[in-house]
There are 2 protein chains.
Amino acid sequence: MKKNSLFNREHDYSLRITAFLASLDKDEIINVSSISKKLHLSKIFTARIIHKLRVANIVGSVQGKYGGFYLKANSEEISIWDVLNAMGYKVRLNDCMDENFFCDLMFGCQFHTFFIGLEQNIFEQLKQQKISDYIFRFTK
Amino acid sequence: MKKNSLFNREHDYSLRITAFLASLDKDEIINVSSISKKLHLSKIFTARIIHKLRVANIVGSVQGKYGGFYLKANSEEISIWDVLNAMGYKVRLNDCMDENFFCDLMFGCQFHTFFIGLEQNIFEQLKQQKISDYIFRFTK
DNA sequence: TTTAAATAATACTTAATAAGTAATGATTAA
DNA sequence: TTAATCATTACTTATTAAGTATTATTTAAA
């Protein structure tokens with residue numbers, strides 16, 4: 001049976017990639033092939049994800065031959081929430097929390113109120129976790 | 001863009017249906033047509049959902065002409081969690097929490113640990129909420 | 001100046017799922 | 001016997017997740 005998820009593969013991988021980049025030395029850059037091998041991801045999927053992270057300014061890139069990527073921000077200042085948002089993270093625990101959702105029962109629906117609170121609670125927990133506490137280190 | 005959900009339409013409707021049944025008088029039963037009209041759901045979808053609730057023993061049914069459904073348990077003793085489970089609620093915040101999931105990084109992956117904690121936290125909140133606090137009442 | 005190795009960006013593919021529909025059988029009051 | 005109701009399972013359709021493919025651009029170095 002399908003299970004409801006809050007995070008998909010892209011979200012997961014983006015966290016791994018960020019946590020790995022956080023382990024690099026200052027001024028060190030790494031290319032997509034190396035990242036994908038280390039993290040056991042396909043090269044092309046890795047490229048798509050890291051590109052989004054770059055657009056969101058989480059990572060920086062150097063183009064051309066011998067180019068690559070590096071973590072732009074300080075890992076102590078980036079949260080799981082920040083990375084997820086870079087990937088275009090959108091959550092609504094329930095469809096009824098959607099902006100354009102109309103529900104005849106909405107007025108006074110305590111479920112709706114409960115879901116809003118639960119969602120806020122989850123978001124807070126994601127914001128509290130900094131990437132610096134999740135750094136992946138590999139023996140070189 | 002698609003948003004990640006923790007609850008789908010069936011889950012939502014099952015909560016509404018249970019909360020509505022909780023408003024009925026003792027010994028009162030109500031048929032699917034009436035429920036679906038009150039809650040603005042399709043009759044056939046309502047039937048399928050309430051059938052699952054019956055199998056899970058959350059609601060009871062009376063078959064045949066003038067039959068219908070009623071809440072079997074005490075609404076103060078049923079939690080949101082119980083209703084969701086009756087619907088076959090399965091959650092894993094992230095695929096990596098799946099039993100059969102293999103991940104080369106799993107050993108020592110702090111993200112994995114964090115997700116487990118977050119999930120437990122969410123489950124606790126669902127268990128704490130009793131249907132009695134969410135009863136739908138309509139003017140008759 | 002040419003080439004190779006890398007990033008940049010977008011379009012495509014496929015299997016699975018959510019949500020809802022349709023159809024037929026079984027039960028029971030009158 | 002019949003009408004109204006629940007019981008059960010199979011089907012449909014649009015959307016999404018996940019991953020692949022392709023082509024363009026950039027740059028270091030021979």
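Below, chain A is the first sequence line, B the second, and so on; all start at residue 1.
In this entry the distance linking OH of A:Tyr89 with P of D:dA17 reads 12 Å, nearest Å. The distance from atom CG of A:Asp95 to atom C1' of C:dA19 is 10 Å, rounded to the nearest whole Å. Taking atom CD1 of A:Ile30 as the reference point, atom C1' of C:dT7 lies 15 Å away to the nearest angstrom. Separating the CG atom of A:Leu6 from the C1' atom of D:dA17 is a distance of 15 Å, rounded to the nearest angstrom. Across the protein-nucleic acid pair, A:Ile29 atom CD1 and D:dT27 atom P stand 12 Å apart, rounded to whole Å. The distance between atom CZ of B:Phe101 and atom C1' of D:dA18, rounded to the nearest whole Å, is 12 Å. One can place OH of A:Tyr70 at 18 Å from P of C:dA6, the figure rounded to the nearest angstrom. Atom CD in B:Gln63 sits about 16 Å away from atom P in C:dG25, given to the nearest Å.
Aromatic rings from B:Tyr134 and A:Phe111 are positioned such that their centres are separated by under 6.0 Å.
Residue A:Phe7 is the one, among A:Val62 and A:Phe7, whose nearest nucleotide of DNA chain D lies closer to the 5' end (criterion: closest heavy atom). Mapping A:Arg9 and A:Ile44 onto DNA chain D by nearest heavy atom places A:Arg9 at the nucleotide closer to the 5' end.
Within the structure, a side-chain polar atom (N or O) of A:Tyr13 is placed less than 4.0 Å from OP1 or OP2 of D:dG19. A close approach under 4.0 Å does not occur between any side-chain nitrogen or oxygen of A:Asn8 and OP1 or OP2 of D:dT16. For C:dT27, the OP1/OP2 oxygens have no side-chain nitrogen or oxygen of B:Tyr66 closer than 4.0 Å. The phosphate of C:dA6 (OP1 or OP2) has no side-chain N or O of A:Ser33 nearer than 4.0 angstrom.
The only option from A:Glu124, A:Glu119, A:Gln125 that meets the side-chain hydrogen bond (donor to acceptor under 3.5 Å, both in side chains) definition with A:Asn121 turns out to be A:Gln125.
Within residues 45-54 of chain B, the residues having any heavy atom under 4.0 Å from DNA chain C are, by residue number, B:Phe45, B:Arg48.
Note on B:Asp133 versus B:Lys130: no salt bridge recorded, every NZ/NE/NH1/NH2 to OD/OE distance being 4.0 Å or above.
Taking every side-chain heavy atom of A:Ser61 into account, C:dT7 is the closest of D:dC6, C:dT7, C:dT28.
With a 4.5 Å cut-off on side-chain heavy atoms, A:Ile58 and A:Lys72 do not count as touching. Using a 4.5 Å heavy-atom threshold, the side chains of A:Leu126 and A:Ser79 count as separate.
The closest side-chain donor-acceptor pair between A:Asn4 and B:Arg92, if any, does not fall under 3.5 angstrom.
A donor-acceptor contact shorter than 3.5 Å is absent between the side chain of B:His112 and the backbone of B:Cys109.
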